Undergrad: 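Have a look at this one before I ask anything.
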Amino acid sequence: MVLVAAGQLSSTSSLSTNLKQVLKLITKAVNLNAKVLFLPEASDYIAKNAAHSLKIARPMETSVFVTGIQSRLKELHSQGKALDVVVGIHEPAWKSPDDPHKRVKNLLIYINSTGNITREYQKIHLFDINIPQGPILQESNSVEPGNQVVAPFDTPIGKLGLGICYDIRFPELAVKLRDMGAEILTYPSAFTVKTGAAHWHLLGRARAIDSQSYVIMPGQKGVHDVSIEDDDASDPTKVVKCQAVNANEQKRISYGHSIIIDPWGTVVAEASDINLNNDEPEIIVADIDLDNVKKIRRDMPLKDHRRREIFNN
Ligand SMILES: O=C(O)CNC(=O)[C@H](CS)NC(=O)CCC(=O)C(=O)O
């Protein structure tokens, strides 16, 4: 059995502020002796709108957020403390500054315990929705969709398959990853409060049951401060207030409730609900037992029972 951790935070639009929160979570995970820490979608920043996102996105190599995590992991490794980190970030998708339709990539990266980025997944399904009395979001305005499933790969906790947030609503991705060998799936998220309250636990449990895999769902939580950003012009760690945002944009709020689910569909760990008086980042941990995955798949062999000739999958 190996211990896994999922972190929950409320990212702002300042990469350096978010890095500080994540470094706290890394320390907590290491102290608990977890082997991999999973962090939410868009941990590097939550922007107030599409234009703001294009302005603050940075290539990984120059992102204070990504390089800060890499150097901390390297430093810990040299002290004999090995932790891998899976984290949601953005990167510019444009190749030239005169690209007429600039978009970012919504990415999940795997950083190993020596600080190297070994995998990168680009979110396939984009959240373009309009729910009466609920959120209206058009992710494709500013985000370029990914087109590739990343083959599940070995990690200290087992073979891992990658998805991001809204991808969790598409069971075909979970089943495909399981067919390709995944034992653990992750969907780092920034769920809305309305859809989260209605669907979050159900979706996670359903994907765990469909794929007979562990499902790790770190989520953004609470009100995002999108009124600050890093002052790149001078000290990259100096945070400045940026222009006023309208009331709607200021109220971007995420559901929290990070969860870890076992391959039988049981929620084995859960972080807290939104609490406007406490936005401290927190982690949850759970044991990953790959024998349990094997046993559940042996006792109910869904993979062998698939009628691929009927469903063309
Ligand atoms: O890129 C960013 O800055 C952060 N990305 C997000 O917050 C994304 C796209 S708007 N959110 C979701 O996919 C929520 C899905 C959801 O809530 C549901 O499926 O119900």
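These numbers were taken from a predicted model, which means no experiment stands behind them. Ligands are counted one by one from 1 in listed order, and the atoms in each one are counted from 1 as well. Quick note: residue numbers are just sequence positions, from 1.
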Undergrad: Relative to the heavy atoms of Thr192, which atoms of ligand 1 are at a distance of less than 4.0 Å?
TA: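 Reading through ligand 1 atom by atom, the close ones are 17 (O).
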
Undergrad: With sequence neighbours left out, write down each residue that passes side chain to side chain contact (heavy atoms under 4.5 Å, CB included) with Asp273, or none if nothing qualifies.
TA: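 Asp273: side chain to side chain contact (heavy atoms under 4.5 Å, CB included) contacts with His257.
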
Undergrad: OG of Ser189 to CE of Met217: how many Å apart, nearest 0.5 Å?
TA: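 Between Ser189 OG and Met217 CE, I get 5.5 Å after rounding to 0.5 Å.
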
Undergrad: Under 4.0 Å from any heavy atom of Cys165, which atoms of ligand 1 are there?
TA: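 Once the distances to Cys165 are compared, the set is 11 (N), 12 (C), 13 (O), 14 (C), 15 (C).
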
Undergrad: Out of Pro135, Ser140, Gly219, Ala190, whose heavy atom is nearest to atom 11 (N) of ligand 1?
TA: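 Among Pro135, Ser140, Gly219, Ala190, the closest heavy atom to atom 11 (N) of ligand 1 comes from Ala190.
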
Undergrad: Using heavy-atom distances, let me know which of Lys123, His125, Lys194 sits nearest atom 13 (O) of ligand 1.
TA: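 Ranked by closest heavy atom to atom 13 (O) of ligand 1, first place is Lys123.
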
Undergrad: Any idea which atoms of ligand 1 are less than 4.0 Å away from a heavy-atom of Glu41?
TA: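 Near Glu41, the atoms of ligand 1 are 5 (N), 6 (C), 7 (O), 8 (C), 11 (N).
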
Undergrad: Suppose we measure from atom 1 (O) of ligand 1 to each protein heavy atom; which comes out shortest, and what is that distance?
TA: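 Its nearest protein heavy-atom neighbour is His90 NE2, 2.9 Å.
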
Undergrad: If we ignore angles and hydrogens, is there a donor and acceptor under 3.5 Å between the side chains of Ser254 and His224?
TA: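 Ser254 vs His224: donor-acceptor pair found between side chains.
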
Undergrad: So, Asn313 and Glu172: side-chain donor and acceptor under 3.5 Å apart, yes or no?
TA: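 No pair is found: no donor N or O on one side chain lies under 3.5 Å from an acceptor on the other.
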
Undergrad: Report yes or no: is the cationic atom of Arg119 (NZ for Lys, CZ for Arg) closer than 6.0 Å to the six-membered ring centre of Phe153, at no more than 45° off its axis?
TA: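 Flagged: Arg119 positioned over aromatic ring of Phe153.
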
Undergrad: Under a heavy-atom criterion of less than 4.0 Å, does Arg169 contact ligand 1?
TA: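 Yes, Arg169 has heavy atoms under 4.0 Å from ligand 1.
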
Undergrad: Can you tell me if Ser213 uses its side chain to pair, donor with acceptor, with the backbone of Ser211 under 3.5 Å?
TA: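 Such a contact is found between Ser213 side chain and Ser211 backbone.
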
Undergrad: Considering only heavy atoms of Thr195, which atoms of ligand 1 have at least one such atom less than 4.0 Å away?
TA: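 It comes down to these atoms of ligand 1: 16 (C), 17 (O), 18 (C), 20 (O).
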
Undergrad: Hey, which atoms in ligand 1 end up nearer than 4.0 Å to a heavy atom of Ala42?
TA: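 So the atoms of ligand 1 that pass are 2 (C), 3 (O), 4 (C).
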
Undergrad: Is it true that Asp179 and Lys176 make a salt bridge, defined as a side-chain N closer than 4.0 Å to a carboxylate O?
TA: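 Not counted as a salt bridge, because no side-chain N and carboxylate O are separated by less than 4.0 Å.
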
Undergrad: Just to be sure I read this right, does ligand 1 sit under 4.0 Å from the backbone of Phe127, its side chain, both, or neither, counting only heavy atoms?
TA: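 Side chain only.
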
Undergrad: Ring pair (Phe, Tyr, Trp, His ring centres under 6.0 Å) with Tyr166: which residues, sequence neighbours excluded?
TA: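 Once residues adjacent in sequence are excluded, the partners of Tyr166 under the ring pair (Phe, Tyr, Trp, His ring centres under 6.0 Å) criterion are Phe127, Phe170.
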
Undergrad: Is the closest N or O pair between Arg252 and ligand 1 shorter than 3.5 Å?
TA: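 Yes; the residue has a nitrogen or oxygen that sits under 3.5 Å from a nitrogen or oxygen of the ligand.
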
